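To start, the structure itself, in structure tokens.
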Amino acid sequence: MKTASDPHPALEGEVMTVTDPAEIERLMDVANSDAAVLEDLDQCMTRLRQAQLAKAALARLDAGDLRELFAARRRALGERTR
């Protein structure tokens with residue numbers, strides 16, 4: 001891989017000139033993956049928001065409801081291990 005000077009400040013003074021076909025192919029794969037990465041990120045953000053909403057809902061439960069919830073979960077887990 002060769003580098004050449006570039007006066008453009010956003011490129012921090014260097015631009016890579018790639019001549020290896022395998023490296024060019026890899027770079028093209030990475031460059032074309034942005035839509036999939038954004039979709040993954042969107043799904044992760046959705047799951048994070050759902051987790052935060054669930055925590056907020058659980059925080060509003062009173063002690064008796066929480067005890068019942070935990071007891072039901074223990075029973076369900078116990079049944080799955082049998």
Side-chain angles (χ1 to χ4, degrees):
M1 202 178 312
K2 297 186 240 175
T3 60
S5 290
D6 182 11
H8 195 283
L11 299 175
E12 298 182 16
E14 286 192 3
V15 175
M16 288 189 265
T17 303
V18 180
T19 56
D20 177 41
E23 181 65 6
I24 292 170
E25 186 71 28
R26 186 192 71 77
L27 290 172
M28 290 178 69
D29 289 343
V30 171
N32 290 327
S33 69
D34 58 345
V37 170
L38 286 172
E39 178 63 27
D40 290 346
L41 180 58
D42 185 52
Q43 291 173 3
C44 288
M45 291 301 297
T46 297
R47 288 194 331 262
L48 178 59
R49 286 185 195 101
Q50 290 171 342
Q52 290 173 330
L53 289 171
K55 286 180 181 181
L58 289 170
R60 290 190 296 271
L61 294 176
D62 65 23
D65 290 337
L66 282 172
R67 277 192 295 277
E68 286 181 38
L69 173 69
F70 287 128
R73 285 182 59 88
R74 278 192 300 274
R75 285 191 301 274
L77 290 171
E79 291 171 6
R80 283 188 226 154
T81 58
R82 292 180 191 179

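These numbers come from the heavy atoms of this one structure, side chains and all, not from hydrogens, waters or symmetry mates. Every value quoted in this text rests on a predicted model; they were computed, and no experiment measured them.
Atoms CD and CD, from Gln52 and Gln50 in turn, are 11.0 Å apart once rounded to the nearest 0.5 Å. Taken from CD1 in Ile24 to CE in Met28, the straight-line distance is 8.5 Å, to the nearest 0.5 Å. Between the CG atom of Asp40 and the CG atom of Asp42 there is a distance of 9.5 Å, given to the nearest 0.5 Å. Separation of atoms OG (Ser33) and CD (Glu39) is listed at 13.5 Å; rounding is to 0.5 Å. Taken to the nearest 0.5 Å, the CG atom of Asp20 stands 10.0 Å off from the CZ atom of Arg26. Note: Leu27 CG to Asn32 CG = 11.0 Å, rounded to the nearest 0.5 Å.
By the rule that hydrophobic residues join a cluster once side-chain heavy atoms approach within less than 4.5 Å of another member, Leu53 and Leu48 end up as members of separate clusters.
Side-chain contact between Leu69 and Leu58: present, with at least one pair of heavy atoms (C-beta onward) separated by less than 4.5 Å.
In this structure Glu25 satisfies the side-chain hydrogen bond (donor to acceptor under 3.5 Å, both in side chains) test with no other residue, sequence neighbours excluded.
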